[in-house]
Protein chains: 2
Amino acid sequence: MAEFQGGENLLFLTDEQLRQGIEAMFFAYRGFTADPDRILATLAYGRAHHRAIHFISRSPGTTVNNLLAILGVTKQSLNRVLRALVEDGLVDSRVGKSDKRERHLYLTEEGEALERKLSDAQRARMRAAYRAAGPQAVAGFRQVLKAMMDPDMRRRYYAIRETDT
Amino acid sequence: MAEFQGGENLLFLTDEQLRQGIEAMFFAYRGFTADPDRILATLAYGRAHHRAIHFISRSPGTTVNNLLAILGVTKQSLNRVLRALVEDGLVDSRVGKSDKRERHLYLTEEGEALERKLSDAQRARMRAAYRAAGPQAVAGFRQVLKAMMDPDMRRRYYAIRETDT
DNA sequence: TTGGAATGTCAACAAAGCTGACGTAATGTG
DNA sequence: CACATTACGTCAGCTTTGTTGACATTCCAA
C-alpha cells in the first residue's frame with residue numbers, strides 16, 4: 001500500500017492541506033470530548049476520571065501500573081483520580097492474588113453505569129460521524145490515526161488489541 | 001453519498017468498532033500534540049500559546065473576539081496567553097482603524113519564526129501519517145473529522161475556509 | 001447623550017498535570 | 001537470609017490552563 005508518487009497525487013501534502021488537517025483534528029477532538037464533558041461537569045468529575053473509567057472498563061482487573069503506561073501520566077496524578085473513584089464507590093481496587101503488591105481495578109455496578117452513560121454519549125457522536133462519512137472513510141480515518149500515534153504507543157496498543165479482540 | 005445499509009456494511013458500527021475508534025482518537029491526539037509540546041516546554045510556553053500563535057498566523061489581523069470564538073475559552077484565559085506573547089515580542093496587538101476598541105493581532109518576525117518551528121514539527125508528523133496511509137485514507141480521515149465537529153463549529157469553520165482558501 | 005459592546009485587568013479558585021521525597025509491603029536475587 | 005527492587009500510596013509544592021465575578025475604559029450607535 002501507500003503507492004503513489006508525482007503529480008496531482010502529492011497535492012494533498014501541501015502545507016495548506018496539512019494545516020487544514022491539523023485544524024480539523026483540533027476541532028474534531030473538541031467535539032469528540034464535548035458530550036462526556038457535559039455529563040462529567042454535573043458530577044464534579046473531569047476528563048481524567050473518564051479516561052480511567054474507560055480503560056478500567058475495557059480491561060477489568062488491570063493494574064495501576066498498566067493504567068499508568070496507557071494513560072501516560074504520573075502515578076501521583078492518576079492516584080488522585082483513582083482515590084476519588086474508589087471513595088465514591090465507582091471503582092473497586094483489589095489486592096493481587098499472585099502478586100500482592102499489585103492492585104487490580106474493577107468497575108462497581110455504579111461505575112459501570114456511569115461508564116455506559118459516558119460512552120453512550122461518545123459513541124453516539126462517533127456513530128453519527130461514521131454513518132455520515134461511510135465505511136470507506138472510516139477505514140481511512142482509522143489508518144491515519146494509527147499512523148499518527150507515537151510508534152511505541154502504536155506497537156503496544158495494537159499488540160494488546162490482537163490478544164483481546 | 002453515505003448509501004449503505006444492512007448486513008456486513010454495518011459491522012463498522014458495532015460498539016467494539018466504535019470503542020476502537022474512540023481509543024485511536026485518544027492516542028492519535030496525543031501523538032499529534034507531542035512534538036510541539038516538546039518544543040514549547042523548552043520555552044516556558046504551553047499548548048494554549050501554540051493555539052493562539054497558530055490561529056493568528058492563519059488569519060493575520062484577526063481580533064481578540066474572533067480568536068475567542070475559535071478557541072472556545074474565556075477572554076481572561078486568552079488574555080493571559082496573549083499578554084505573555086505580546087510582552088515577549090512574538091505578537092503585535094494593533095488598535096483597530098475603523099473600530100478602535102478592537103485589537104488586531106499579528107505575529108512579529110520572531111513570532112513567525114516560532115510558528116514555523118512549531119508547525120514544521122506538527123506538519124512533519126501529519127505528513128508522515130498521510131504518506132503512510134495514502135490519499136484515499138486521508139480523504140476519509142478528513143470526512144470523519146468534519147462529521148465529528150460540533151455542528152455550529154463545523155458551519156463556522158467551513159464557511160471561513162471557503163472565503164479565504 | 002446614553003446604553004451597550006469590545007477590551008483589559010484584578011482576584012480567587014479548580015482541574016489536572018508535574019517533581020521530589022518518603023514509607024510500606026511484597027517480591028526477586030545473590 | 002540479606003538486600004535490592006518493584007508496586008503502590010501519599011505528602012508537599014508548583015505550573016498551566018481553564019473557570020467566575022467584578023469593574024474600568026473606550027467608543028460605536030441609536
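These numbers come from the heavy atoms of this one structure, side chains and all, not from hydrogens, waters or symmetry mates. Labels below follow one simple rule: chain letters A, B, ... track the order of the sequence lines, proteins then strands, and each chain is numbered from 1. None of these values were measured; they are calculated from a predicted model.
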(Q) Test of understanding: with side-chain contact (heavy atoms from CB on, under 4.5 Å), list the residues that count as partners of B:R101, not counting sequence neighbours. (A)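 Once residues adjacent in sequence are excluded, the partners of B:R101 under the side-chain contact (heavy atoms from CB on, under 4.5 Å) criterion are B:D99.
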Q: For B:A139, check side-chain contact (heavy atoms from CB on, under 4.5 Å) against everything at least two apart and list the hits.
A: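 If we apply the side-chain contact (heavy atoms from CB on, under 4.5 Å) test to B:A139, skipping adjacent residues, there are no hits.
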Q. Which residue pairs pass the salt bridge (Lys or Arg N to Asp or Glu O under 4.0 Å) test with at least one member in residues 82-93 of chain B, sequence neighbours excluded?
A.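 Passing the test, one end in residues 82-93 of chain B: B:D92-B:R94.
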Q. CG of A:L82 versus P of D:dC8: gap in Å, rounded?
A.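 So the two atoms are 10 Å apart, to the nearest Å.
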Q. Between D:dC8 atom P and A:E102 atom CD, what is the distance in whole Å?
A.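 The distance from CD of A:E102 to P of D:dC8 comes to 6 Å, rounded to the nearest Å.
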Q: Spell out protein contact along nucleotides 10-15 of chain D as letters: B when the base is contacted, S when just the sugar-phosphate is, - when no protein heavy atom is under 4.0 Å; keep the 5' to 3' order.
A: BB----
Q: Sugar-phosphate means primed atoms, P, OP1 and OP2; the rest is base. With that split, encode nucleotides 25-30 of chain D 5' to 3' as B, S or - using protein heavy atoms under 4.0 Å.
A: -BBS--
Q.
Quick one about A:R19 and B:Q122 (side-chain donor to acceptor, distance below 3.5 Å, no hydrogens or angles considered), yes or no?
A.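 On atom types as modelled, these side chains do not qualify, holding no pair under 3.5 Å.
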Q. So, B:E115 and B:H50: side-chain donor and acceptor under 3.5 Å apart, yes or no?
A.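 No, no side-chain donor-acceptor contact under 3.5 Å.
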Q: Name the first nucleotide and the last nucleotide along DNA chain C (5' to 3') that come under 4.0 Å of a heavy atom in chain B.
A: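 Here the contact window of chain B covers C:dG4 to C:dC10.
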Q.
Among residues at least two apart in sequence or on other chains, which ones pass salt bridge (charged side-chain N to carboxylate O under 4.0 Å, His left out) with A:R116?
A.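 Checked A:R116 against salt bridge (charged side-chain N to carboxylate O under 4.0 Å, His left out); zero matches.
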Q | Sole residue of B:R30, B:R47, B:R125 in salt bridge (charged side-chain N to carboxylate O under 4.0 Å, His left out) with B:D37 | A |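 Only match with B:D37 under salt bridge (charged side-chain N to carboxylate O under 4.0 Å, His left out): B:R47.
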Q.
Quick check: on DNA chain C, is the nucleotide nearest A:V73 upstream (toward 5') of the one nearest A:G96, or the reverse? Name the residue that is more 5'.
A.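 Its nucleotide being nearer the 5' end, the pick is A:V73.
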Q.
With a cut-off of less than 4.0 Å, is there a side-chain N or O of B:T74 near OP1 or OP2 of D:dT19?
A.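 Yes, such a contact exists.
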With a 4.0 Å cut-off on N to O distance, would you call [X] and [Y] a salt bridge?
X: B:R127; Y: A:D15; value: yes
X: A:D120; Y: A:R123; value: yes
X: A:D35; Y: A:R38; value: yes

Q: May I ask you to list the residues of residues 111-118 of chain A, by number, that have any heavy atom positioned under 4.0 Å from an atom of DNA chain C?
A: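 Those residues whose heavy atoms fall under 4.0 Å from DNA chain C, taken from residues 111-118 of chain A, amount to none.
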Q. What pairs with A:Y29 under ring pair (Phe, Tyr, Trp, His ring centres under 6.0 Å), at least two apart in sequence or on another chain?
A.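 Only A:F32, B:Y29 meet the ring pair (Phe, Tyr, Trp, His ring centres under 6.0 Å) criterion with A:Y29.
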Q: Give me the bend of the helix from C:dT1-D:dA30 to C:dG30-D:dC1, using the axes of the five pairs at each end, rounded to 10°.
A: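 It comes to 20° between the two terminal axes.
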Q) Between residues 34-56 of chain B and DNA chain D, which residues have a heavy-atom gap below 4.0 Å? A)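 Residues of residues 34-56 of chain B under 4.0 Å from DNA chain D: B:G46, B:R47, B:A48, B:H49, B:R51.
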Only pairs under 3.5 Å count here: list side-chain donor-acceptor contacts from residues 64-77 of chain A, not counting sequence neighbours, and write none if there are none.
| residue | atom | partner | partner atom | Å |
| --- | --- | --- | --- | --- |
| A:N66 | ND2 | A:T62 | OG1 | 3.4 |
| A:N66 | ND2 | A:T63 | OG1 | 3.4 |
| A:T74 | OG1 | A:S77 | N | 3.3 |

